[in-house]
Amino acid sequence: MPELPEVEVTRLSFASAIAGAGVESVRLGKPLRWPLGATPAQLVGQHVRAVRRRGKYLLLDLDQGILLMHLGMSGSLSFSKQQPAPGAHDHFDLQTSRGLLRLHDPRRFGAVVYAPSEDSPEAQKLLGKLGLEPLSADFALDAFRAGLKRRGSAIKQVLLGGQVVVGVGNIYACETLFLAGIRPTLKASRITKPGSIRLHAAIFDVLTRAVAKGGSSLRDFSNAKGENGYFQLEAMVYGREGLPCKVCAKPVRLMRQGQRSTYWCAHCQKA
DNA sequence: AAAAGCCCCTGGATGC
DNA sequence: TGCATCCAGGGGCTTT
């Protein structure tokens, strides 16, 4: 579910509130994607110094080490003083002096992993091969173009892969390619210079606007304060199969690329 | 090194 | 109403 905008919106919704909080207890529900890699006792007594983001991972800086959190397909976080008793899909609780941080994740593709540091093998296994951060100064056009040049697969798959640029999931891949006017099946290495310039700009534009709208709440996404996002209302193609393209009025198409749905407009995306 | 498939898991929508 | 099937915002792992 959550792509970069949803993860960033989540981060912004609790980062300042939790900063400085002391960890009082930890509760584990059903197993997530990986084991925590630490005992609750190792976390209790530490403080959450800051919450950062890398791609779709949240990094909670502790006094000693970091907590990597990933929301998978169905995860969401909540943070507040008063929370109900854990439900069947609440699989991680971090009780702090400022409130309870809770991961709700029905499908359990998400994860909470402790690592001794960001540079540790445990963390680098997950963060090591990630591409450029699209909303940071890191996202240089030249580096982006160089990344595309060495990929022979379809641009849609390359965007989803996260090794060239991070954070672009299925919704935003479809939306950015529409905005850039590029066919989702075009081999990344064959994108023209003007095409790559448009795509680079579209990624920044779409993700920035999505963050401003609070992300996309297709089913049940909400930030750590329980607030929904509204970017889905502005989607040009995602989820709009058969509906008229908002630009040219021809029907939006749906196709499969690597087990994922791709929505696109054959008339507007010809590059 | 890169690319393509395979899974992990649950719930909701759809169809018979 | 019941049951089977398909689909969903991700991504690491294994195999080519």
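First the proteins, then the strands, lettered A, B, ... as listed; each starts at 1.
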*How many Å lie between CG on A/N170 and P on C/dA8, as a whole number?*
8 Å
*What nucleic acid atoms does A/Y238 come within less than 4.0 Å of, heavy atoms only: base, sugar-phosphate, or nothing?*
sugar-phosphate
*Those residues of residues 113-127 of chain A lying under 4.0 Å from DNA chain B by at least one heavy atom*: none
*side chain to side chain contact (heavy atoms under 4.5 Å, CB included) with A/L254: which residues, sequence neighbours excluded?*
A/E241, A/S261, A/Y263
*Which residues pass the salt bridge (charged side-chain N to carboxylate O under 4.0 Å, His left out) test with A/R145, sequence neighbours left out?*
none
*Determine if A/F109 stacks with B/dC8; use a centre-to-centre distance below 5.5 Å and an interplanar angle below 30° as the criteria.*
yes
*A/K56 side-chain N/O to C/dG9 phosphate OP1/OP2 under 4.0 Å*: no
*Transitive ILVMFWY cluster of A/L233, excluding itself - 4.5 Å side-chain cut-off*: A/Y230
*asked:* Quick check: any donor-acceptor pair below 3.5 Å linking the side-chain of A/R150 to the base of B/dA1?
replied: no
_Sugar-phosphate only, base, or nothing, as touched by A/G152 at under 4.0 Å among non-hydrogen atoms_ = sugar-phosphate
*Can you tell which of A/K225, A/R102, A/Q83 makes a side-chain hydrogen bond (donor to acceptor under 3.5 Å, both in side chains) with A/S78?*
A/Q83
*Restricting to pairs with a member in residues 56-65 of chain A, which pass salt bridge (Lys or Arg N to Asp or Glu O under 4.0 Å), not counting sequence neighbours?*
A/R49-A/D63, A/R52-A/D61
_Closest to the A/W34 side chain, choosing from C/dG12, B/dA2, C/dG10_ = C/dG12
_Pairs meeting criterion salt bridge (Lys or Arg N to Asp or Glu O under 4.0 Å) with involvement of residues 196-214 of chain A, two or more places apart_ = A/D205-A/R209, A/R209-A/E234, A/K213-A/E234
*Using a heavy-atom cut-off of under 4.0 Å over every strand shown, decide if A/F231 touches base, sugar-phosphate, or nothing.*
nothing
*State the dot-bracket string of DNA chain B. Criteria: Watson-Crick or G-U wobble, both atom distances under 3.5 angstrom; notation: ( ) intrastrand, [ ] crossing earlier pairs, | interstrand, . unpaired.*
.|||||||.|||||||
*asked:* Does the plane of the ring in A/H200 sit parallel, tilted or perpendicular to the ring in A/F139? Use 30° and 60° as the thresholds.
replied: parallel
*Would you mind telling me which of C/dA8, B/dT10, B/dA4 lies closest to the side-chain atoms of A/H89?*
B/dT10
*For the side chain of A/M73, counting heavy atoms from C-beta on, which of C/dG12, B/dC9, C/dA8 is nearest?*
C/dA8
*Spacing of A/K156 atom NZ relative to B/dA3 atom P, expressed in whole Å*: 16 Å
*Residues two or more places apart in sequence or in another chain: which of them pass salt bridge (charged side-chain N to carboxylate O under 4.0 Å, His left out) with A/R98?*
none
*Take atom CD of A/Q259 and atom P of B/dC7, then tell me their distance rounded to the nearest Å.*
10 Å
*Members of residues 173-192 of chain A that approach DNA chain B, where some heavy atom sits under 4.0 Å away*: none
_A/L243: hydrophobic cluster co-members (side-chain, 4.5 Å)_ = none
*Decide, applying a 5.5 Å centre-distance limit and a 30° plane-angle limit (both strict), whether A/F221 stacks on C/dG9.*
no
*Give me the other members of the hydrophobic cluster that A/W264 sits in, counting Ile, Leu, Val, Met, Phe, Trp and Tyr linked by side-chain heavy atoms under 4.5 Å, directly or via other members.*
A/M255
_Closest to side chain of A/D220, choosing from B/dT10, C/dA8, C/dG9_ = C/dG9
*Using a cut-off of less than 4.0 Å, is there contact between a side-chain N or O of A/R256 and OP1 or OP2 of B/dA4?*
no
*Quickly work out the A/R260 CZ to B/dG5 P distance and round it to whole Å.*
14 Å
*asked:* In terms of relative ring orientation, are A/Y172 and A/F231 parallel, tilted or perpendicular, with 30° and 60° separating the classes?
replied: tilted
*asked:* I want to confirm an ordering. Mapping A/R107 and A/H70 to their closest nucleotides on DNA chain C, which one lands closer to the 5' end?
replied: A/R107
*If you group Ile, Leu, Val, Met, Phe, Trp and Tyr whenever their side-chain heavy atoms sit less than 4.5 Å apart, what else falls in with A/L127?*
A/W34, A/Y57, A/L59, A/I66, A/L68, A/V113, A/L126, A/L130, A/V166
_Sugar-phosphate only, base, or nothing, as touched by A/R33 at under 4.0 Å among non-hydrogen atoms_ = base
